[in-house]
Every structure is written in structure tokens, then in C-alpha cells.
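None of the values given here were measured: they were computed from a predicted structure.
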Amino acid sequence: MLAGPWATQTLADLGAEVIKIERPGAGDDTRMWGPPFTTKADGSKGDAAYFLCANRGKKSVELDIATPEGAEIVRELSKSCDVVVENFKTGGLKKYGLDHAALSAVNRRLVYCSITGFGQNGPDAHRAGYDYMIQAMGGLMSVTGQPDGSPGAEPMKVGVAVVDLFTGLYASNAIMAALLHARATGQGQHIDIALFDVQAAMLANQAANFFVGGKAPTRMGNAHPNLAPYQPFPCTDGMVVIAVGNDGQFRALAQALGAAGLGADPRFTTNALRIEHRAVLTAELSALTAGLTMKSLMTALEGAGVPCGPVNTIDQVFDEPQARHRGLEVTQSRADLSAPVRTVASPIRMSATPVVYDLPPPALGEHTDEVLKRLGKA
């Protein structure tokens, strides 16, 4: 529901024309994944906010692919398109004649990207996959949340569908690599992207810790498995993350907090020692930060060259001066809605080919006639 649209929104932001095929009368399921919902110009309920986050820059075409006529239109489109992205269950499009084998037969340059829960083969290939279950099955929840024995201890999912988002980014990268290959050779290919595979790849240093150390990592709350101190610390008006990446930064931290002795304490002189004595170190640092405001703490740490940042709520994120300077909010108009659509800008900044926000997330079927006229079908 999110991985495929996230991949194609990335490509749309980079200049691709993206045609989104949606079920007549209903469309993408996420159009109804609310509240909150937008409000149409006539006062009725519009699309869910969830739909808006991943569908900027696309053209919506209502098409029933379960009918011979609808499936034929997709085949016609695939003759002139460079890429097909589908996120049906494995094999779900074969019965409509819209699988990779069928469409590559009419366009040998076609890049066909299938996004599924578990991939095109293996014992779980037939299963549906959703981000939450993959976070659990793929190990992410085993290292997220408070440690056993602490208040609220249980495996915890991440607050956004991070596996879907990573999958979308892996998919868009693979698509662009496949397009380069197709341009060079005239030959397309089938890209098989699975949420489960992506989640395993996302384990990164935690998987490496297991491979090298032979012990499965566990939940550590906000502590870092390989660095200390590297977590939020309390202030009088909130929390500030202090991210010490080397021994010099730790000594600078101790100096900035008026506790230079900590920097020379034999328990804390190296990162490995700080991890060994993490509990004591965390308690001592917390006692030093708890009486400071967030602003005063960050001013002192930034002056000392110690990386730090406030724990912001989402509204505070977009109020940050840096966010305003970088233009992280995109505002676009859509004729059928009572207010402009607001989305988060692409993080990609390119000097010669900048991202262009030419289309807002579309109304259902908004571009059906436009696209079908190209095929002589309207």
C-alpha cells in the first residue's frame, strides 16, 4: 500500500511521468485510510491524508484490469512506457495477462518491478506482506523498545511504516539501474523486491553485531548498541539527544557540562569502556542535564562541537528554521479541494535537474480521458 507508491513518487519527483492505475469508484485503498481526511470544495469528505503522502506528481486513471478491455489498455500502455511497477501478491497479475512475461513480450525494453512481501520464490512467496508484520518477522521489533524488566517493555514497531519506505527507495534505485541497462543494451528485466529482504538488509550494524559476536542483539530503549553516550537526556523543558561519536567529543561534552573530570575518568576514557559502564555514565550525565533548559544545553554543546538535537514533535519539525530554509513543506492546489494540499518535500537536491512539483496528488480518475486519448480509446 505504501512501498510501490513511495517508489513511484520518488520517480515522479525526479521527472518521470507516472500513470497510476486505480480501481473504478474506489481507487487506491489508502484514499480511505483516515481520519484525517481532506475536505472537498462542496464540503464533502475527500481523500485521506495517508494517500497524499505518497502520490504527488502522478496521473490517476480509473481502469478495471479484471475486464478484458481494461487489461488490454494496460498492455497497450506498456508498449510505450519504460517501467511497470506492481505491488500485487506474487503471481496476482498473471491471470489478467499482465505479468512480466506477458508485458515484456510486447516491449523487450520494459523494466518490470514487482514489490511483494516475500518475493517471487521461496516457501513464503504466496503470502501477503504488510509493514507491521515484516517489522516483527524481520527482527526490527526485537531491537526496538524498552529492555526486558523496564516499564513498558515489549517489542515495539517504528512510528512510521519504515520497511515500506525503505522498500520504495530500494525499488526506485533498482529501477533507475535497470533503465541504464535497458538504454545501453535494449533489454529490460524483472526486478523482484521483497519487504522481508529489505527488512533484513535494514538490520545493518545490528545484523553485523550478530554475525561477528554470535549473540542476537536485544532491545535497549534509546541507547545505542555500539556507542555511548548516544541517546536522549532530560532537561527542564524536554529532552535533547546527545550523539557522541568519538573519545574527543566525549571529553568536549564533559567540559561543556562543567564536569571535566568525567572526561578523564578511567571508566569512560574510551567508547568500549563507556559501553561497559553505560548505566553509571548515563546516570551521571542525566543528573548534569536535568537542571538545564534544552536551549542552554544545546548552546553549550554546539559551542563545544558535540552533536546534539531536540526531541521534536512533528509540528515542531516544520517550525525549525532549518526546515523553513530548506523548503521542507510543499503546497499545491487541487481544484476539487477546499484547501491546498501540503506534503513533505523530496530530500533530493540536484544542481542541474532539480525536483519539480508539477502535479498534486490526483483526484481519482482525474487523468483517465487524457491518457486514454493517447491510445485512441477515449
Pairs touching residues 87-146 that satisfy ring-ring contact (aromatic ring centres under 6.0 Å, His included), sequence neighbours left out:
His100-Tyr112, His100-His190, Tyr112-His190, Phe118-Phe196
Residues pairing under salt bridge (charged side-chain N to carboxylate O under 4.0 Å, His left out) where one sits in residues 109-124, two or more places apart or in two chains, turn out to be Asp124-Arg127
For Asn55 and Gln9, what are the C-alpha separation, side-chain angles and deciding distance, and is it a side chain to side chain donor-acceptor pair (under 3.5 Å)?
CA-CA 6 Å; Asn55 287 288; Gln9 178 169 268; over 6 Å; no
Going by distance alone, is a donor N or O of one side chain under 3.5 Å from an acceptor N or O of the other, for Gln146 and Arg219?
no
Check Lys157 with Asp131, please: is the shortest side-chain N to carboxylate O separation under 4.0 Å?
no
Closest heavy-atom pair, His367 versus Pro362, reported as atoms and distance to 0.1 Å, is CE1-CB, 3.9 Å
Are Glu302 and Cys308 close enough, and set up right, to give a side-chain contact (heavy atoms from CB on, under 4.5 Å), and what steps lead you there?
CA-CA 7 Å; Glu302 288 169 3; Cys308 62; 4.0 Å; yes
Please name the pair of heavy atoms, one in Asp28 and one in Pro5, separated by the smallest distance, quoted to 0.1 Å.
OD2-CG, 4.3 Å
Taking Gln199 as the fixed residue, which of Leu195, Asp197, Leu203 is the one that meets the side-chain contact (heavy atoms from CB on, under 4.5 Å) rule?
Leu203
Ring of Tyr357, cation from Arg56 - is the NZ or CZ under 6.0 Å from the centre and inside 45° of the axis?
no
Salt bridge present between Arg31 and Asp47 (N-O < 4.0 angstrom):
yes
Over 12 non-hydrogen atoms of neighbours within 6.0 angstrom of CZ in Arg349:
yes
Is the shortest side-chain N to carboxylate O distance from Arg23 to Glu62 below 4.0 Å?
no
Is any side-chain N of the basic residue among Asp42 and Lys40 closer than 4.0 Å to the acidic one's carboxylate O?
no
Pair Val74, Leu63 - check side-chain contact (heavy atoms from CB on, under 4.5 Å), show working.
CA-CA 9 Å; Val74 174; Leu63 200 61; 3.6 Å; yes
Pro225 and side-chain contact (heavy atoms from CB on, under 4.5 Å): which partner among Asn205, Thr218, Ile275, Val143?
Asn205
Which residues pass the salt bridge (charged side-chain N to carboxylate O under 4.0 Å, His left out) test with Arg267, sequence neighbours left out?
Asp265, Glu284
Determine, for Glu366 against Lys59, whether the closest basic-nitrogen to carboxylate-oxygen distance falls under 4.0 angstrom.
no
So, for Ala363 and Asp336, which heavy atoms are closest and what is the spacing to 0.1 Å?
CB-OD2, 3.9 Å
Side-chain heavy atoms of Val158 within contact of Gln135, under 4.5 Å
yes
Please walk me through it: do Gln231 and Thr282 pass side-chain contact (heavy atoms from CB on, under 4.5 Å)?
CA-CA 9 Å; Gln231 63 188 78; Thr282 300; 3.3 Å; yes
